[in-house]
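Step one of this worksheet: look at the structure below.
Whatever order the structure lists ligands and atoms in, that order sets their numbers, starting from 1.
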Amino acid sequence: MKKKAEWPRKLRSQEWFGGTGKNAIMHRSWMKNQGLPADTFDGRPIIGICNTWSELTPCNAHLRDLAERVKRGVYEAGGFPVEFPVFSVGESTLRPTAMMFRNLAAMDVEEAIRGNPVDGVVLLGGCDKTTPSLLMGAASVDIPVILVSGGPMLNGKWRGKDVGSGTAIWQFSEMVKSGEMSLAEFMDAEQGMARSAGSCMTMGTASTMASMAEALGMTLPGNAAIPAVDARRRVISQLSGRRIVDMVKEDLKPSDVLTRQAFENAIRVNGAVGGSTNAVLHLLALAGRIGVDLTLDDWDRLGRDVPTIVNLQPSGKHLMEEFYYAGGLPVVIKAVGEMGLLHKDALTVTGDTIWNGVKDVTNYNDDVIVPREKALTQSGGIAVLRGNLAPKGCVLKPSAASPHLMQHTGRAVVFESIEDYHARINRDDLDIDETCVMVLKYCGPKGYPGMAEVGNMGLPPKVLKKGITDMIRISDARMSGTAYGTVILHTAPEAADGGPLALVENGDMIAVDVPARTIRLDVSDDELARRRAAWVSPVKPQKGGYGGLYVNTVMQADTGADLDFLVGTRGSVVERDSH
Ligand SMILES: CC[C@@](C)(O)[C@@H](O)C(=O)O
């Protein structure tokens, strides 16, 4: 257990506000325009509330309310809270894709924390990318932080049935194509899909990343699953506000919590919850920030023996409300511990071990959090495949895939871009059947740019009309955490970076063997060399700006797609004053 720092002691914020110098008076006097008593600056912890609130990020639109609850807790514990906004990355609307801006938002978080007089920070996130961008930025500064999630929406409802965020969109749009549902019904269902504040209530990327933050030890226990509009979401916000003040006094920093053990715990918990493939990218990038040597192979190795025991869409049946009522993530962490797959003594932001935070919890619904022998899949972790089509790896989520496609060889049907896919997929003369392998190129970090969630390409109507709902799909794209199917993603190197994916042609045979973890393009090395010599990238260059910086510096998916110059921790010290 980490030794607590001496208290009282002089805090970082006193470098701005302490003493009688001209600059201290300047810093204090301007702050006082907000109506602050003089003793606000007496050396008490100043707590930033780093808020990704935005009305353009619907999942985070309620975070101002939670910030007020955090403030109550900070005041109660004797701190002074200051709320500040950072770039809010909304998955559902931001173009070309939210992933392109995760690193920009992380840069914003990092510089806003470092450059300002705060001693600790409460990170408020919800939507997919907001959680990793907050954690990545904070990790690069390494002062005490605690994360509070916005929480999931209430279950979607339509005609008396549950409708899961995202998952229903993919299902219903395929049903419209196959003729099982009318467009009018689809649009009617739309009204009931997002019934309250909060993020996706499936185990999509938002809930996955909230679960990852909790499993990493960066939140209070139980944070991930509390619905956004449940009164207990406000309570955990207030308690987190209290806790950060003590964390500042103890000097408990991200580098104390985000250890190799914490990442191993999170990877295993991701397998147990059937979490989003996006978590692979975000945890690799976060590990890079905090200096933990984590690789794609760790994901495969650590996840292999983990059964998926959370029966939530898209892998299973239920939604986040049921998960919370069943006991939420602490029950899952406890179960992982009982399987012998948890580093029980990993430290969390509570100042105590992860095990002590979960060991006494009860599972109130074993159809939602199922026993190991009834697992959705016994091997729930992310599978990492390699071969001449993906020398640096690609990923697949077995819990959301079809068992009959785990070993399959099929003829490639190639889409040279997402536009090419949209133009041809509905055509009757497209030469495709369910045994084929759909291949999509140029949707990776540099290619799209930003690695959009387009990897779960919808099936051709003529296949859907036969009642077939899954085919193998391969790309360098991502997919939504709410999506499902035998979808192979994050192929590295990506096509736009000259990866072999760029060289696949219609009619090539592709062999996928998930148990053996291989993916093979059945084309000779000589022929691939001939194709490579003739290859010209079709990707248009960016017109400068952030897009230019991004494509020039983004790393490949196998290391988490951070910008190369952002890897690592740069500390909290700023040597020069502003005046
Ligand atoms: C459109 C937003 C989603 C559903 O893609 C995302 O939240 C995810 O789960 O990956």
Give the atoms of ligand 1, by number and element, whose distance to some non-hydrogen atom of [X] is under 4.0 Å.
| X | answer |
| --- | --- |
| Asn278 | 10 (O) |
| Thr482 | 4 (C), 9 (O) |
| Gly204 | 9 (O) |

Nearest protein heavy atom with distance in Å, relative to [atom]:
| atom | value |
| --- | --- |
| atom 1 (C) of ligand 1 | Ser92 CA, 3.9 Å |
| atom 4 (C) of ligand 1 | Ser480 OG, 3.1 Å |
| atom 5 (O) of ligand 1 | Glu453 OE1, 2.5 Å |
| atom 2 (C) of ligand 1 | Glu91 CG, 3.4 Å |

Which of these passes side-chain contact (heavy atoms from CB on, under 4.5 Å) with Ser211: Leu329, Val332, Asn223, Ile333? Leu329
Salt bridge (charged side-chain N to carboxylate O under 4.0 Å, His left out) evaluation trace for Asp366 with Lys374: CA-CA 10 Å; Asp366 63 9; Lys374 291 198 184 149; over 6 Å; no
Give a yes or no on whether the backbone of Gly204 and the side-chain of Thr482 come within a donor-acceptor separation of less than 3.5 Å. no
Checking the side chain of Thr308 only, and the main-chain atoms of Val273 only, is there a donor and an acceptor separated by less than 3.5 Å? no
Salt bridge (charged side-chain N to carboxylate O under 4.0 Å, His left out) evaluation trace for Arg64 with Glu83: CA-CA 9 Å; Arg64 299 279 333 263; Glu83 183 185 353; 3.0 Å; yes
Taking atom 7 (O) of ligand 1 as the point of reference, which of Thr205, Thr97, Asp128 owns the nearest heavy atom?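 Selected option, by shortest heavy-atom distance: Asp128.
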Evaluation steps, salt bridge (charged side-chain N to carboxylate O under 4.0 Å, His left out), between Glu494 and Lys392: CA-CA 9 Å; Glu494 62 172 301; Lys392 292 193 169 179; over 6 Å; no
Under a plain distance cut-off of 3.5 Å, with no hydrogens placed, do Thr491 and Asp476 share a side-chain donor-acceptor pair?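 Absent: no donor and acceptor within the cut-off.
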Tell me, please: is Cys200 in heavy-atom contact with ligand 1, that is, under 4.0 Å?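 Cys200 counts as a contact of ligand 1 under the 4.0 Å cut-off.
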Less than 4.5 Å apart, side chain to side chain, heavy atoms only: is that true for Trp170 and Asn456?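 Result yes, sub-4.5 Å side-chain heavy-atom pair found.
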Would you check the N or O atoms of Gly481, main chain and side chain alike, for any that come under 3.5 Å of an N or O of ligand 1?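 Yes - when backbone and side-chain N and O of Gly481 are compared with those of ligand 1, one distance drops under 3.5 Å.
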At a non-hydrogen distance cut-off of under 4.0 Å, which region of Thr208 contacts ligand 1 (side chain, backbone, both, or neither)?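 No part of Thr208 is near ligand 1 at this cut-off.
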